[in-house]
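First up is the structure itself, then whatever we jot down about it.
Hydrogens, waters and symmetry mates are skipped; everything else that's a heavy atom, side chains included, is used.
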Amino acid sequence: MADNIMSKAATMEIPINSNGDTGTLTEDDSLEQDLQQVMVSGPNLNETSIVSGGYGGPAGGIIPTSSIKGPLNHNTNSTEEVSRGVAVEKLDTVKKWGINTYKCTKQLFSEKFGRGSRTVDLELEAQIDVLRDTKIKYENILRLATALITHFQSMVQTQQALGDTFTDLSQKSPELQDEFGYNAETQKLLCKNGEALLGAINFFVSSINTLVNKTMEDTLMTIRQYENARLEFDAYRSDLEELSLGPRDAAAVVRIEMAQQEYQIYREKYERLRSDVSIKLKFLEENKVKVMHKQLLLFHNAISAYFAGNQQQLEQTLIQFNVKLKPPGSDKPSWLEEQ
């Protein structure tokens, strides 16, 4: 029976142990971070507490047992039975959670100190590493683009104030009216084009933020669930292997059968989450390419048109990518004023 169990396990996992077999992985993460992965939320004990036996009601109004009729006794017994059932369910939940946490912690220490093996999908692990590295780089793009909006917004506001000042001076300085006038028009035109560019960059930042903090984060959440399931699967696999190598008395056979059932449950959970991660990684990659192709083209065209002084091309870029700016005369403040 042990040979059959071990042969089944060998067909679906890549063990990595301290003997330096092919596929050995070294983890740089701290043991504390991994333990946070193991110590998942404990059982929910916020349900109705156990109802003790005895009489209810205020202390001064205790009813003697001789005056309690049959139906009341029946209701009291039913309440006690329900309470005992709740208590048993709580204790069973705590017991299962404690056993699972112990097994996972034991497996984690075994992996860290090179005494245990772990199941590894090398191709999937490589894709997960690429995603985490990509997310860090995209977060840097998001940070820099946000800083660009802040700095450029300050320049546009300065141009607006400068244009207003030139306009005021052109009305109060007849001898320099023309000079102040065309400088005021230049600053106002630059301010208008600057607001258009800010609209394009803001649209770029919003799209990147959605990609990084929603789409990628959703996939990483599934990956964390997959990693927890992998640890549980290996913990129960190791437990089954240890029992299979022990004595074969009647009690041991029963324990092996129970371990086999638990192993199968966590194996199915692990395989299901592994499939979910593969699918999400595939769709994420397709979505990332599509989004970034559009946003990088928008960013390039808007920046190029602005600094080339091509107002018409800048306006066409906003129309092409459906970037909406605040219409003139709107009562609501523009997104630029809300920053």
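For the atom pair I201 CD1 and L298 CG, the distance stands at 9.0 Å (nearest 0.5 Å). Residue I208 holds its CD1 atom at 8.5 Å from CE of M216, rounded to the nearest 0.5 Å. To the nearest 0.5 Å, atoms CD (Q295) and CZ (F203) are separated by 5.0 Å. Between E139 atom CD and L144 atom CG the span is 12.0 Å, to the nearest 0.5 Å. Between the CD atom in E217 and the CE atom in M221 there is a gap of 6.0 Å [rounded to 0.5 Å]. If you take CG on D239 and OH on Y263, they are separated by 12.5 Å, rounding to the nearest 0.5 Å.
At a threshold of 4.0 Å, the pair R267-E271 counts as salt-bridged, since one of the basic side-chain nitrogens sits closer than that to a carboxylate oxygen. Look at E125 and R230 and you find no salt bridge, because none of the NZ, NE, NH1 or NH2 atoms lies under 4.0 Å from a carboxylate O. Under the 4.0 Å criterion applied to side-chain N and carboxylate O atoms, E285 and K288 are assigned as salt-bridge partners.
Residues N213 and L142 have side chains in contact (heavy-atom distance under 4.5 Å, counting atoms from C-beta outward). Inter-residue side-chain proximity for L131 and I223 is flagged as met; some heavy-atom pair is nearer than 4.5 Å. In this structure the side chain of S278 never reaches within 4.5 angstrom of the side chain of Q127, judged on heavy atoms. Between L284 and D218, the closest side-chain pair of non-hydrogen atoms is not below 4.5 Å. Two residues are said to be in side-chain contact when any heavy atoms from C-beta on lie closer than 4.5 Å; D121 and Y226 meet this criterion. Between F283 and N287, the closest side-chain pair of non-hydrogen atoms is not below 4.5 Å. No side-chain heavy atom of F204 sits less than 4.5 Å from a side-chain heavy atom of I149. Counting heavy atoms from C-beta outward, I136 and N140 have side chains that stay 4.5 Å or more apart.
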Starting from the C-alpha separation in whole Å, work towards a yes-or-no answer on side-chain contact (heavy atoms from CB on, under 4.5 Å) for Q320 and Q316.
CA-CA 6 Å; Q320 177 185 357; Q316 289 177 349; over 6 Å; no
Run R237 and S117 through side-chain contact (heavy atoms from CB on, under 4.5 Å) and show every step you take.
CA-CA 10 Å; R237 174 182 57 80; S117 61; 3.2 Å; yes
As a quick check of understanding, evaluate ring pair (Phe, Tyr, Trp, His ring centres under 6.0 Å) for Y270 and Y236, giving each step before the final call.
CA-CA 12 Å; Y270 164 74; Y236 284 88; over 10 Å; no
Using the salt bridge (Lys or Arg N to Asp or Glu O under 4.0 Å) rule, take K103 and E262 through it: C-alpha gap first, then chi angles, then the decisive distance, then the call.
CA-CA 12 Å; K103 290 180 181 293; E262 292 175 334; 5.3 Å; no
Evaluate T165 against L169 for side-chain contact (heavy atoms from CB on, under 4.5 Å), listing each step before the verdict.
CA-CA 6 Å; T165 302; L169 287 172; 4.1 Å; yes
Checking L243 against Q260 for the side-chain contact (heavy atoms from CB on, under 4.5 Å) test, could you report, in this order, the C-alpha distance in whole Å, the side-chain angles of both residues, the deciding distance, and whether it holds?
CA-CA 10 Å; L243 290 174; Q260 180 73 39; over 6 Å; no
Working for side-chain hydrogen bond (donor to acceptor under 3.5 Å, both in side chains), residues E257 and Q261
CA-CA 6 Å; E257 290 178 354; Q261 294 175 359; over 6 Å; no
Q187 and N183: side-chain hydrogen bond (donor to acceptor under 3.5 Å, both in side chains), yes or no, with the steps?
CA-CA 6 Å; Q187 293 301 319; N183 273 282; 5.5 Å; no
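Taking each heavy atom of A302 and A200 in turn, the nearest pair found is CB-CB, 3.7 Å. Looking at every heavy atom in both residues, E232 comes nearest to C104 through CG-SG, 3.5 Å. Closest heavy-atom contact between K294 and F321: O-CE2, 3.5 Å. The nearest pair of heavy atoms linking A305 to L314 is CB-N, 3.6 Å. N301 and Q313 make their closest contact through O-NE2, 4.3 Å (heavy atoms, listed as atom of the first residue, atom of the second, distance). Closest non-hydrogen pair, A184 versus F166, comes out as CB-CB, 3.5 Å.
Put simply, F152 and I141 are part of the same group of oily side chains (I, L, V, M, F, W, Y) that touch within less than 4.5 Å, one to the next. Linking ILVMFWY residues whenever their side-chain heavy atoms come closer than 4.5 Å, directly or via other members, places I256 and F233 in the same cluster. Placement of L318 and L297 within a single hydrophobic cluster is found when ILVMFWY residues are connected by side-chain heavy-atom separations under 4.5 Å, directly or transitively. Under a hydrophobic-cluster definition in which Ile, Leu, Val, Met, Phe, Trp and Tyr are linked whenever side-chain heavy atoms come within less than 4.5 Å, directly or via other members, L296 and V212 are assigned to the same cluster. Hydrophobic cluster membership is shared by L148 and F307, with clusters built from Ile, Leu, Val, Met, Phe, Trp and Tyr side chains linked at under 4.5 angstrom.
Put simply, the side chain of T101 never gets that close to the backbone of G98: no donor and acceptor are under 3.5 Å apart. In this structure, D234 contributes its side chain and T119 its backbone to a donor-acceptor pair below 3.5 Å. When atom types are taken as modelled, the side chain of S206 and the backbone of N202 share no donor-acceptor pair closer than 3.5 angstrom.
By the 6.0 Å contact criterion, CE on M258 is open, its count of non-hydrogen atoms from other residues, nucleotides or ligands being 12 or less. In the displayed structure, K135 atom NZ is contacted under 6.0 Å by more than 12 heavy atoms of other residues, nucleotides or ligands. Other residues, nucleotides and ligands contribute only 12 or fewer heavy atoms inside 6.0 Å of the NZ atom of K192. Within a 6.0 Å radius of CD in E286, more than 12 heavy atoms belonging to other residues, nucleotides or ligands are found.
Of the listed residues (K280, R272, R274), just one forms a side-chain contact (heavy atoms from CB on, under 4.5 Å) with D276, and that residue is R272.
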